[in-house]
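Here's the structure, in structure tokens; my notes come after.
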Amino acid sequence: MSDNPRNVITVRGLTKSYGATSVLKGVDFSVARGEVHALLGGNGAGKSTMIRIITGASSKNDGDIRFFDSDGRERSETEGRGKVAVVHQELALLPHLTVAENIALPRHRKASGLFRRRAAAEQAFDALRMIDQDFAAKSVHKLVGSLSLHEGQMVEIARALSSGAELILLDEPTANLTAVETERLFAVLRRLTRDNDLSVVFVSHRMKEIRQIANVCTIIRDGRTVLDRQAMEELTDADIIEKMGQVAGSLAAERAPPTTLRPGASAERNTLTIKEPGFKLELLPGTVLGVAGASAGPATLIEGLTGAARKKRWTVARAAWPDQFGSPRTAARLGAGFVTGDRAHKGVLHSLPIIDNVMASRRVIRGAAIAGSSEGAECLDLLKALKVKAASIWDLPNTLSGGTQQKLLLARWLGVPSRLLVLEEPTRGVDIGTKREIYQLIRQMAASGTVIVWWSTENAELLEVCDRVIAFDTEGRCAGVLEQNDFSEEKLVSLTGMAA
Ligand SMILES: Nc1ncnc2c1ncn2[C@@H]1O[C@H](COP(=O)(O)OP(=O)(O)OP(=O)(O)O)[C@@H](O)[C@H]1O
Ligand SMILES: [Mg+2]
């Protein structure tokens, strides 16, 4: 019997090791019907590992996982897993199939081996419409490989929502979504939990969102449950952060003055100008420029600044720089760095060890492909600054948790003297404790004269750390630039047209 007749799943004493590394050391976790359950913990706590074990993607070493039907009767493991859908932390879509095929395939596969195209398109449309009507109409027949990261995230969520599952596991589903999309997703989740008794497990490092959507939470720390099924309203943010083993506090007090380098002859010479037809923005060394808005605008700006696009709408100009960086190598040597938002496909070098991932840009700049003798120590220092715990710098990055892989990408540019550093969602999936450290590191890099251009879908962090914020509306047009004395969430929301 279930300990609670309303449970859809009960996990007891779950353990998991990879070789000598013990990752889960006895996790307890249970989810009741109709609830949104936040699964919380710092980077590397074991959240994704448990989710993979629940869905059967990984095996467990020991412990008990039981699934129950709505009458409280235990289901077989196969039957139980059949009622579970998951959105993984890194997208798992098939790029050479269309959106409709990706959404419908898991369900239509059984129909006498024939894939019913029309039915699939209808199902996909209905699923996507729950989150975004326009996107649904435009994208059903597109190839998934042609979508942006953020569109892919919506497809993946739609697939889970339309799967008919009774339990949906969302591993950081909002990491690539804007405020308005997140709000729509939450509305759908609220409706499905209320009307259909759906249960949702929600993993996120964004405290505000967790409060908005979850009724109950479980906190795991270092592979153990430290708080089992607690009502969210009984906990303060400080309680939660402390249980996760992280340090609370605000960055506001430690914030450096806006532009550390005063305009002068040398600053003038080093000023960066970014522009598009009809618009120009001058950035003094040491400026942190935030970029806000739905993906279309920021993506175009970043393509232009990093030289990724052939035909560029946006360009960047600086004395002694060519009109265009011929290659990422040239860009790096001239002092222009880039942290991609698509860590799984474009950022992490999956087949190379951690040290190669961290030292990559330094090697390009120094012109050495082979590890120098002091690299090991340098790499360890960088990892320490970002609180990365790795068994060995010679391990592959896929032995690290999602948020920890994100830190590798940032470490690549940390302390590299550069003129311009473009950051795409650099704190995606990074836990609360480390986010603060990253904000400080970004300010430090700015203080040394680097211009930082930083796109984030989390408005609060932009307003906390940046000197100015350039906002794009939902059509991808530049809607204005907010100066620091003008900062407010309301202004940003109205400029970006993303009022929920
Ligand atoms: N294949 C593997 N080999 C060795 N260690 C692994 C492997 N996969 C995961 N780990 C380790 O397991 C621990 C838990 O990782 P997991 O991905 O579950 O963390 P998480 O709670 O999801 O963190 P995040 O918030 O960063 O996503 C980490 O210390 C990670 O390094
Ligand atoms: Mg994870």
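Sequential numbering from 1 along the given sequence is applied to the chain's residues. Counting starts at 1 for both ligands and their atoms, following the listed order.
Checking S48 against the Mg ion (ligand 2), an N/O/S atom falls under the 2.8 Å cut-off. With a cut-off of 2.8 Å, the Mg ion (ligand 2) has no N, O or S atom of S401 in range.
When only interatomic distances are considered, the shortest N/O to N/O separation between T21 and ligand 1 does not fall below 3.5 Å. In terms of polar-atom proximity, G44 is counted as a contact of ligand 1, with an N or O under 3.5 Å from an N or O of the ligand.
Under a 4.0 Å heavy-atom criterion, G41 is not in contact with ligand 1. For D431, the closest heavy-atom approach to ligand 1 does not fall below 4.0 Å. Ligand 1 lies nowhere less than 4.0 angstrom from a heavy atom belonging to Q406.
The protein heavy-atom contact nearest to atom 25 (O) of ligand 1 is K47 NZ, 2.8 Å. Nearest protein neighbour of atom 18 (O) of ligand 1, counting heavy atoms only, is T49 OG1, 2.5 Å. The protein atom (non-hydrogen) at minimum distance from atom 8 (N) of ligand 1 is Y18 CE1, 3.4 Å. The shortest contact between atom 17 (O) of ligand 1 and any protein heavy atom is with S401 CB, 3.3 Å. Among all non-hydrogen protein atoms, the one lying nearest atom 27 (O) of ligand 1 is Q89 NE2, 2.9 Å. Nearest protein heavy-atom contact of atom 30 (C) of ligand 1 is T399 O, 3.2 Å.
Each of the atoms 25 (O) of ligand 1 lies under 4.0 Å from some heavy atom of H205. Close contacts of ligand 1 with G403, meaning ligand atoms under 4.0 Å from a residue heavy atom, involve 24 (P), 26 (O), 27 (O). Interface atoms of ligand 1 facing G402, defined by a heavy-atom separation under 4.0 Å, are 26 (O), 27 (O). Heavy-atom contacts of L400 reach the following atoms of ligand 1: 31 (O) (cutoff under 4.0 Å).
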*How far apart are the C-alpha atoms of I210 and M232, what are their side-chain angles, what is the distance that settles it, and do they pass the side-chain contact (heavy atoms from CB on, under 4.5 Å) test?*
CA-CA 9 Å; I210 297 162; M232 283 298 294; 3.7 Å; yes
*asked:* One pair to check against side-chain contact (heavy atoms from CB on, under 4.5 Å): R412 and V358. What are the steps and the verdict?
replied: CA-CA 5 Å; R412 211 174 270 173; V358 170; over 6 Å; no
*Please step through side-chain hydrogen bond (donor to acceptor under 3.5 Å, both in side chains) for the pair E90 and Q405, ending with a clear verdict.*
CA-CA 11 Å; E90 308 297 349; Q405 292 181 27; 5.7 Å; no
_Using the rule given for side-chain contact (heavy atoms from CB on, under 4.5 Å), can you reason through L170 versus L189, listing the C-alpha separation, both sets of side-chain angles and the distance that settles it, and then say yes or no?_
CA-CA 11 Å; L170 301 172; L189 294 180; 3.8 Å; yes
*For I157 and L185, what are the C-alpha separation, side-chain angles and deciding distance, and is it a side-chain contact (heavy atoms from CB on, under 4.5 Å)?*
CA-CA 9 Å; I157 291 171; L185 168 66; 3.5 Å; yes
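For V23, every heavy-atom contact with ligand 1 shorter than 4.0 Å involves the side chain, none the backbone. Under 4.0 Å from ligand 1, not a single heavy atom of K389 appears. Neither the backbone nor the side chain of M50 comes within 4.0 Å of ligand 1, counting heavy atoms alone.
The distance from atom NE2 of H37 to atom CG of N215, rounded to the nearest 0.5 Å, is 9.5 Å. Within the model, atoms CE of M50 and CD1 of I65 stand 8.5 Å from one another, a figure rounded to the nearest 0.5 Å.
Taking both residues in full, the closest heavy atoms of I103 and Q123 are given as O-NE2, 4.3 Å, listed atom of the first, atom of the second, then distance. In terms of heavy-atom proximity, T340 sits nearest to L409 at O-CD1, 4.0 Å. For the pair G403 and V430, the tightest heavy-atom approach, listed with the atom from each and the gap, is O-CG2, 4.0 Å.
Under the side chain to side chain donor-acceptor pair (under 3.5 Å) rule, E458 has a single partner from H205, K208, K435, which is K435.
The residues E375 and R362 are annotated as not salt-bridged, no charged nitrogen and carboxylate oxygen being separated by less than 4.0 angstrom.
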